[in-house]
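Input: a single structure, listed below in structure tokens.
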Amino acid sequence: MSTAPDNAVRSYIEAHRAAFLDDLVEWLRIPSVSADPERSKDVARSAEWLAAELSATGFPIAEVWQTAGLPAVYAEWPSGDPDAPTVLVYGHHDVQPAARADGWDSEPFEPVVRDGRMYARGAADDKGQVFFHTLGVRAHLAATGRHAPAVNLKLLIEGEEESGSPNFAALLRERADRLACDAVVVSDTGMWSADTPTVCTGMRGLADCQVDLYGPDQDIHSGSFGGAVPNPATEAARLVAALHDEERRVTIPGFYDDVAELTDRERQLFAELPFDEASWLRTAKSHGVLGESGYSTLERVWARPTAEVNGFYGGYTGPGGKTIVPASAHLKLSFRLVAGQDPAKIQQSVRDWVADRLPAGIRHEITFWGTTRPCLTPLDHPALRSTVRAMERAFGKTVRFTREGGSGPAADLQDVLGVPVLFLGISVPSDGWHSVNEKVELDLLLKGVETTAYLWSDLAENWQR
């Protein structure tokens, strides 16, 4: 097995840097906004562009996969080694909407480079982080003298991630035989900071719903009837007040039954990060921390389940007063879930909890939207250890560990394909995902290239099947 020498990898990357960035600029110019029906042809054009680029990179198989919505791209490059592990790289080629009028300093789909940063929609989320795999695999081959990667390398690049991945799970199930692998590498994430390279080891799941409460058949006079009939707005407020106890724990019975508790080692790894709570609060536009007792801020947002009130409305909300008992009131609730929790079980627990707390005379409906399962990478998994070693070679620094408080399609990959999910990203918080002036740090982008150039050899050497 050939290991890529560091100097050979870096020399190859430097020699091909300009052409790599020129190609990325060309891709970023395609406004592949999945949320805008008028841009559906651009999303299709983006998929075709990427498939052609992957073919030019050397992938013997590069295909555009149609879905019930917008197309994904699949590529495959067999190793030729019978014991080589199979790795699937996930990312997405669709982007968020963007317009100069939103406050951008330049046209969002005309990339510009300033002070070592490339500004464009998709530069970090996620075209830049997908594209670094193309130069990375070429550097891997050039430095090792191989004609094929040291692993069986597959790519699946989605076209609807920014629209909630409505067809992704179905695509995975339909193509599960083609996508079979030993591990998934997700390159749609970031690091703690440019000075602190990190690997994410988990994402929370999600279940969210709307609770509609109905009392009288119409708004009625509060003087004539108030205090003698149930008020749906009052009952909604009682539900909200009862959602947490004095320790800020969720009171829904069974909510914590299956939670995978943090280990002492995991808590220690979180504590090693250079976390500045005051700075974090400024980023959160908030004025104090508050949450479940017994846990740090990072533990709360990364590794503990939560219940949040996203909206609360009903009755009269216009100017002045209107003395009524309203006919209805409404709540929007979301539940972030952690490893061990099953969204379907949480849904049923919420339904039971609401039904048990409402008085006679209040009718209710609960509508749940799509759910996302949590995912967690075992800290002792050999593929994670390879990822950390590859990053440490590229960055020349100790790699720390984080989790993500949000949710994403990584859990679908884990559940449908039945393999561990790893996260490899080089974006930093200042990159402005979904915001104006999105950018990617070019030095970090090339560190991503370098990491992947080392990763495939490390995986093959240390994780043979």
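Throughout, numbering of the chain's residues begins at 1 and tracks the sequence.
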Do [X] and [Y] sit within salt-bridge range, that is, some charged N less than 4.0 Å from a carboxylate O?
| X | Y | value |
| --- | --- | --- |
| Arg304 | Glu261 | yes |
| Glu272 | Arg400 | yes |
| Arg403 | Glu266 | yes |
| Glu110 | Arg29 | yes |
| Asp42 | Arg45 | yes |
| Glu392 | Lys397 | no |
| Asp380 | Arg265 | no |
| Arg248 | Glu292 | no |

For the residue pair [Y] / [X], report whether a side-chain donor-acceptor contact shorter than 3.5 Å exists.
| X | Y | result |
| --- | --- | --- |
| Ser187 | His133 | yes |
| Glu76 | Tyr74 | yes |
| Asp125 | His434 | yes |
| Gln210 | Trp369 | no |
| Asp94 | Ser32 | no |

Begin from the C-alpha positions of Arg178 and Glu63 and carry the test salt bridge (charged side-chain N to carboxylate O under 4.0 Å, His left out) through to its verdict. CA-CA 12 Å; Arg178 299 283 304 276; Glu63 303 169 349; 3.2 Å; yes
For the residue pair [X] and [Y], establish whether any side-chain heavy-atom pair is separated by less than 4.5 Å.
| X | Y | result |
| --- | --- | --- |
| Pro305 | Arg336 | no |
| Val440 | Leu444 | no |
| Arg117 | Tyr119 | yes |
| Pro85 | Val151 | yes |
| Trp27 | Val25 | no |
| Leu21 | Leu445 | yes |
| Thr402 | Leu273 | yes |
| Leu179 | Lys154 | no |

Check: [X] side chain, [Y] main-chain N or O, donor-acceptor pair, under 3.5 Å:
| X | Y | result |
| --- | --- | --- |
| Asn462 | Leu459 | no |
| Asp126 | His92 | yes |
| Asp36 | Glu38 | yes |
| Arg17 | Leu446 | no |
| Thr367 | Cys209 | no |
| Glu107 | Arg100 | no |
| Gln341 | Ile346 | no |
| Asp81 | Ala84 | no |
| Gln347 | Ala207 | no |
| His140 | Gly136 | no |

Identify the two heavy atoms, one from [X] and one from [Y], that lie closest to each other, and give their separation to 0.1 Å.
| X | Y | answer |
| --- | --- | --- |
| Phe270 | Ala303 | CE1-CB, 4.2 Å |
| Leu337 | Pro343 | CD1-CA, 3.7 Å |
| Phe109 | Gln96 | CZ-O, 4.5 Å |
| Thr86 | Ala180 | CG2-O, 3.6 Å |
| Thr387 | Leu424 | CG2-CD1, 4.4 Å |
| Trp192 | Thr196 | CB-O, 3.6 Å |

Going through the distances and angles, do Arg267 and Glu299 end up as a salt bridge (charged side-chain N to carboxylate O under 4.0 Å, His left out)? CA-CA 8 Å; Arg267 300 188 85 165; Glu299 290 168 356; 2.8 Å; yes
Under the side chain to side chain donor-acceptor pair (under 3.5 Å) criterion, do Glu53 and Thr134 qualify, and how do the steps go? CA-CA 8 Å; Glu53 184 68 24; Thr134 63; 5.3 Å; no
Determine, using ring centers only, whether Phe168 and Tyr90 are less than 6.0 Å apart.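 Yes: the rings meet the under 6.0 Å criterion.
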Is the ring centre of Phe131 less than 6.0 Å from the ring centre of Phe20?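 Ring centroids of Phe131 and Phe20 are less than 6.0 Å from each other.
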For atom CG of Asp264, is the number of surrounding heavy atoms from other residues, nucleotides or ligands below 6.0 Å larger than 12?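 Result for CG/Asp264: open.
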How about CG on Asp115, more than 12 heavy atoms from neighbouring residues, nucleotides or ligands closer than 6.0 Å, or not?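 No, the 6.0 Å shell around CG holds no more than 12 heavy atoms from other groups.
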Could you give me the CA-CA distance, side-chain angles and deciding distance for Lys332 and Asp212, then say whether salt bridge (charged side-chain N to carboxylate O under 4.0 Å, His left out) is met? CA-CA 9 Å; Lys332 292 183 184 290; Asp212 300 303; over 6 Å; no
Test side-chain hydrogen bond (donor to acceptor under 3.5 Å, both in side chains) applied to Arg393 and Thr451, Asp458, Asp6, the passing residue: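 Among the candidates, only Asp6 passes.
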Could you grab the distance from atom CZ of Arg146 to atom OG of Ser457, nearest 0.5 Å is fine?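 Answer rounded to 0.5 Å: 7.0 Å.
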Hey, what do you get for CG (Asn167) to CD (Glu160), rounding to the nearest 0.5 Å?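 Those atoms lie 4.5 Å apart.
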Under the criterion side chain to side chain contact (heavy atoms under 4.5 Å, CB included), I'd like the reasoning laid out for Ser46 against His93: C-alpha separation, chi angles, the key distance, then a yes or no. CA-CA 7 Å; Ser46 172; His93 67 96; 3.0 Å; yes
Mind running side chain to side chain contact (heavy atoms under 4.5 Å, CB included) on Glu161 and Ser34 for me, showing each step along the way? CA-CA 8 Å; Glu161 194 274 345; Ser34 59; over 6 Å; no
Is the NZ or CZ atom of Arg175 positioned over Trp65's six-membered ring, under 6.0 angstrom from the centre and within 45° of the axis?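 The answer is yes, since Arg175 meets both limits relative to Trp65.
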Decide yes or no on side chain to side chain donor-acceptor pair (under 3.5 Å) for Trp433 and Ser427, but give the supporting numbers first. CA-CA 9 Å; Trp433 292 26; Ser427 184; 2.8 Å; yes
Please test Asp342 against Lys345 for salt bridge (charged side-chain N to carboxylate O under 4.0 Å, His left out), starting from the C-alpha separation and ending with a verdict. CA-CA 5 Å; Asp342 180 353; Lys345 185 174 179 180; over 6 Å; no
Could you give me the CA-CA distance, side-chain angles and deciding distance for Trp49 and Glu26, then say whether side chain to side chain donor-acceptor pair (under 3.5 Å) is met? CA-CA 9 Å; Trp49 187 95; Glu26 184 179 336; 2.9 Å; yes
